[in-house]
Amino acid sequence: MTWVRQLLAIDRRIIFLLVGAGAALPLLFPLNLPVAVTPRVRAAYDAIDALPPGSKVLLSMDYEPDIMAELFPMSVAVLRHCFRKHVQVIAMTLYPAGTGLGERAISTAAKAEGAVLNRDYAWLGYKSGFQVVMIGIGENLRGMYPVDFYGTPLDSIPVTRHVNSYAQLQMVINLSGSSAADYWIQFAQGRYHAPLVIGCTAVMATDYYPYLSSKQLLGLIGGMKGAAEYERLIDTFGDARRGMDAQSLVHLIVVGLVIVGNAALFISKRSGGDGGGPASGSMTR
Amino acid sequence: MTLQTWIAAFLTLCVFSFLYKDNPFYRFAEHLFVGAAAGYLLAVQWQNVLIPNVWTPLLHDHKLVVLIPLALGLMMLARAWDKGAGIARWSLAFYVGIYSGVAIPGYMQAQIFAQLADAAKPFAPGWGAVNSALVLVGLLTVLAYFFFSAPHKGVHGAGARVGIYFLMVAFGASFGYTVMARVSLLIARVQFLLRDWLHVLPGP
Amino acid sequence: MRRGPLLLTFLSGAAIAALFFIPHYRAQAANSMLLEWTLVVYAFALILGSISLWNSHARKVRNRAEGWGFSVVTLVSLLAITALGVWKGVGEGTPVDWIYNTVNSPLASTMFALLAFVIASAAFRAFRARSVEATLLLVTAIVMMIGRVSIGELISHRLPGITEWLLDVPNLAAKRAIAIGVGLGAVSTALKIILGIERSYLGRS
Amino acid sequence: MVRSGFVTPELDTRWFDPARLNVLIGILLFTAFLVVNIFRARAKGTLYVRPIAGLKALDEAIGRATEMGRPVLYVPGLSDMSEVGTFAAITICARLAYRVAEMGCDIDVPCYDPVVMTVLDGAVREAYSKAGKPDAFRPGCVHYVSAQQMAYVAAVNGFMLRELPAANIYMGSFYAESLLLAETGARTGAIQIAGTDKVTQLPFFVCACDYTLLGEELFAASAYLGREPIQLATVIAQDWAKALAAAAIVGALVLSALGHPALQTWLKVA
């Protein structure tokens with residue numbers, strides 16, 4: 001069974017090429033496969049949709065450019081939804097490099113929905129220290145942010161004028177790719193009982209199911225796929241939905257590789273081969 | 001704008017070249033990245049922490065209480081010399097003490113009690129009860145797996161075995177989702193190269 | 001020798017833990033103040049770290065170690081960006097912001113994107129159904145990968161429902177047990193530190 | 001405290017939040033478990049903790065590195081002192097450095113967090129002097145790399161490919177970097193042992209490493225390595241708490257079914 005051995009010893013670079021092509025081709029020749037909406041994303045959408053016009057939400061966009069692929073389209077989609085429902089957004093970030101991204105997400109969404117700075121939203125910008133800021137807002141928002149990103153005192157901004165802590169907010173939305181999400185659960189939700197919706201990278205998504213079940217989270221938007229679902233819910237077509245064909249194809253390639261790799265190993269073992277090198281891992285008990 | 005795109009595209013390709021093998025381009029990108037990241041973080045701390053939390057309150061508002069964290073910070077710097085280890089220990093002691101103190105009630109509330117309360121809520125009616133029961137079984141058996149003070153034998157051993165199956169399904173779920181996340185990031189990078197750099201894709 | 005620092009750990013830790021239970025506004029203000037102090041300490045630690053980084057690369061340059069030229073790149077970029085940031089700021093529109101978007105951000109994103117390739121290669125070579133456990137893991141992963149994207153729905157309408165069940169039941173159960181276990185581990189470690197049982201952080205194992 | 005604002009919130013002047021009583025009781029109970037077990041451990045001299053497979057492999061790995069005359073790479077996770085995984089990483093590193101010093105091979109510890117670097121530097125130094133070889137300590141073996149995740153990975157990957165450490169040990173809190181590090185390590189043929197409390201990353205370590213400590217095993221390991229009774233006592237205390245948690249869940253369920261939801265209500269955090 002030499003062909004099996006040859007297959008198992010295939011140069012990794014061929015696999016890399018395959019993946020690269022899988023990501024690029026659907027972008028060049030899109031198929032526009034349908035995007036199904038999953039319950040947790042719908043729950044997040046419904047929670048925001050149920051807010052009466054004039055409600056205020058705190059939106060913290062805690063990510064840096066390295067993972068913006070997943071969270072930036074999500075930010076735009078959520079913001080557009082809020083603006084459409086005339087929900088007032090107080091936006092901030094806990095990452096210094098998130099400032100530019102946050103501002104861009106807001107201006108993109110505001111332009112699309114005709115929202116106006118200070119009337120429909122406020123942009124507070126960056127403040128350092130996760131726990132410090134979250135606890136600080138619970139105590140006194142102005143202690144953390146005396147002025148907004150542009151230097152306007154919060155009292156001069158209609159959106160923030162009557163907001164002093166979580167108590168005057170109808171919801172906290174956190175879009176993050178790090179442990180910031182855990183701290184929002186621990187502090188904004190746990191300590192101050194703010195209703196919380198989280199959007200996160202797909203990697204993190206499965207970890208938050210216990211919090212959904214315990215209603216500590218009202219909804220969960222996971223990764224670029226979650227963003228694509230949200231885009232579909234608000235009926236827009238952004239970067240997340242554009243990437244979904246490539247997503248499907250590369251997933252198929254990875255699944256194919258797992259199956260072929262295992263099948264080849266199986267055949268080579270049955271024919272008495274060594275299985276193409278040592279096992280590279282062992283399960284520890 | 002174009003200069004920026006070209007540099008970014010060049011650096012993107014430098015890193016991708018690592019897939020072929022380690023090479024001077026990757027090494028250059030790696031060393032540039034390390035220096036740039038360290039410099040950026042230092043500058044950010046300077047502008048966002050040292051200026052607003054130390055400099056301004058001390059020199060403009062004359063808040064002397066700021067001298068305490070300043071002293072603790074300077075004591076930390078003493079670590080740069082071998083002899084300063086004893087001095088730096090005080091800053092570490094404070095820093096570690098604070099974060100331990102925050103962790104105790106934080107974890108107890110959000111991670112333990114909240115989860116216990118939800119696990120203890122009555123079963124859902126109808127078919128939901130089957131799922132509720134499965135969740136309970138999974139929870140108890142995984143806890144059994146992580147029970148260290150008895151060997152995995154008898155009932156406890158059997159429970160731990162079931163627990164590991166639940167763990168594996170959970171790992172599989174995380175795994176699938178992680179693949180999804182990484183693929184998304186690759187797609188965005190390819191989008192950047194094809195759209196912003198080579199202009200073969202239409203704009204957003 | 002270490003009694004002083006241990007006492008400081010105990011006092012600061014016990015104080016901030018106690019403040020959790022005291023809703024009094026003055027107590028909460030003290031709480032915030034203590035947390036802000038840690039930010040300052042961290043900033044100084046970062047300076048210390050950067051000195052360490054500088055030293056290790058400067059040593060390579062001084063000794064003309066293999067690849068010392070690359071270390072020059074690190075030293076120059078570290079110095080230049082720190083200086084620019086301190087001088088001109090780091091906000092929108094500053095030179096440091098431009099450098100961040102041109103250098104740091106694409107480098108970090110591309111490092112992340114490498115992961116997709118590495119995963120694919122590992123999928124072929126390393127992800128083996130060697131045991132019942134590993135098989136369960138792989139089968140779940142495959143169902144997830146297919147079931148959560150558009151193609152899954154084209155294959156079967158039931159797939160998304162199955163993935164949701166996997167997330168909602170077995171995944172939830174295991175993650176909850178882990179959350180409780182890790183939570184207890186965290187509380188226990190923190191208590192050990194505050195009570196002075198765990199001292200490795202002070203350089204004593 | 002309130003400097004401005006049209007809304008003047010009522011200032012809270014309570015000295016205790018009764019809604020958090022359950023959390024307080026939980027903490028006191030757990031502290032009691034800890035103290036009781038420390039006394040038990042002192043009286044008995046040791047306590048049983050089940051063996052953890054990956055730990056035996058640590059000695060093997062150091063042995064191999066010594067034979068080959070190559071360094072041991074210790075990656076203490078990519079988190080700061082607010083994460084418990086980091087503390088486990090520090091304890092394990094101290095014990096490991098002691099063995100490394102004894103056997104006379106070299107260790108390299110690249111750090112992500114500057115505070116962690118300071119701590120580890122002290123711990124490794126101390127380990128060398130405890131092993132009776134303070135002069136063998138190489139200044140700079142514990143060093144800061146970058147507090148930016150991917151810059152850190154780029155540098156450590158480069159180190160692995162160029163210095164070819166014989167053993168790579170990953171202990172602590174890991175995130176996206178896990179597979180990038182472990183895969184590069186596997187390419188160099190090093191023995192790899194990992195342990196993390198970040199469950200999301202476990203499948204990748206399991207696939208690419210020779211041994212993996214799962215979740216909480218990381219915490220137990222740091223206690224286990226020392227074999228000090230007091231450290232083991234904390235593992236037992238956690239077990240007691242787990243047993244109590246399980247009992248509370250089952251108890252609350254049964255009581256609710258019998259029409260007494262008091263326990264379930266009490267568990268709820270207000």
Side-chain angles (χ1 to χ4, degrees), chain C residues 17 20-29 41-42 45-53 55-56 59 66-67 104 107-109 111-112 114-115 118-119 121-122 126-128 134 137 141 174-175 178 180-182 184-193 195 197-198 200-205, chain D residues 1 11-17 20 24 27 30-31 34 38 81 84 87-88 90-91 94-95 98 111 114-115 117-119 122-123 125-127 130 140 143-151 153-154 176 179-180 183 186 197 199 203-204 207-208 215-216 219 226 230 234 237-238 241-242 245:
Chain C
F20 175 82
F21 298 100
I22 309 176
H24 196 284
Y25 69 97
R26 283 184 202 283
Q28 288 310 310
V41 176
Y42 177 83
L46 199 75
I47 298 177
L48 183 65
S50 306
I51 295 174
S52 146
L53 182 71
N55 285 342
S56 82
R59 202 178 300 133
E66 192 270 328
N104 299 43
L107 280 173
S109 316
M111 286 298 294
F112 264 108
L114 279 188
L115 271 164
V118 174
I119 282 180
S121 128
F127 299 162
R128 297 280 191 248
L137 192 158
K175 292 281 158 72
I178 289 167
I180 293 174
V182 169
L184 284 171
V187 173
S188 149
T189 310
L191 268 175
K192 279 196 286 184
I193 288 164
L195 299 177
I197 299 168
E198 174 68 68
S200 54
Y201 68 97
L202 290 178
R204 178 189 222 133
S205 36
Chain D
M1 266 320 284
L11 293 176
D12 204 327
T13 51
R14 293 172 301 158
W15 290 99
F16 182 72
D17 185 351
R20 288 178 180 168
L24 182 62
I27 293 171
F30 189 75
T31 315
L34 200 61
I38 287 172
M81 301 298 288
V84 270
F87 282 98
I90 291 166
T91 323
R95 316 258 194 261
Y98 179 78
C111 298
V115 182
M117 175 204 76
T118 321
V119 171
R125 245 172 239 265
E126 179 111 351
K130 239 172 75 184
H143 54 102
Y144 167 75
V145 175
S146 179
Q148 191 164 20
Q149 183 184 25
M150 286 299 153
V153 176
L179 185 64
L180 276 176
E183 260 289 306
D197 53 340
V199 184
F204 300 105
C207 284
E216 254 182 275
F219 304 143
I230 293 188
T234 62
Q238 273 160 254
K242 261 172 257 168

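Below, read A as the first sequence line, B as the second, and so on, with proteins coming before strands; counting in each chain starts at 1.
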Shortest non-hydrogen separation from [X] to [Y] and the atoms involved:
X: Q148(D); Y: A108(C); answer: NE2-CB, 4.5 Å
X: V84(D); Y: G185(C); answer: CG1-O, 4.3 Å
X: A176(D); Y: L115(C); answer: O-CD1, 3.6 Å

To the nearest 0.5 Å, what is the distance between [atom1] ([X]) and [atom2] ([Y])?
X: L195(C); Y: T234(D); atom1: CG; atom2: OG1; value: 11.5 Å
X: E216(D); Y: L184(C); atom1: CD; atom2: CG; value: 7.0 Å
X: E198(C); Y: I230(D); atom1: CD; atom2: CD1; value: 11.0 Å
X: D17(D); Y: F21(C); atom1: CG; atom2: CZ; value: 9.0 Å
X: Q238(D); Y: S188(C); atom1: CD; atom2: OG; value: 3.5 Å
X: I119(C); Y: E183(D); atom1: CD1; atom2: CD; value: 9.5 Å

From I51(C), N55(C), L53(C), residue fulfilling side chain to side chain contact (heavy atoms under 4.5 Å, CB included) relative to Y144(D):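 Only match with Y144(D) under side chain to side chain contact (heavy atoms under 4.5 Å, CB included): L53(C).
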Under 4.5 Å heavy-atom distance to chain C, tell me which part of [X] shows up: side chain, backbone, both or neither.
X: A241(D); value: both
X: Y98(D); value: neither
X: L34(D); value: side chain
X: V145(D); value: backbone
X: T118(D); value: side chain

Contact class of [X] relative to chain D, heavy atoms under 4.5 angstrom:
X: R59(C); value: side chain
X: I178(C); value: side chain
X: S121(C); value: side chain

Name the option with the most non-hydrogen atom pairs under 4.5 Å to chain C; the candidates are W15(D), F219(D), F16(D).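 The candidate making the most pairs under 4.5 Å is W15(D).
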Largest heavy-atom contact set with chain D, pairs under 4.5 Å, which of A122(C), S52(C), P23(C):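 Maximum pair count with chain D is reached by P23(C).
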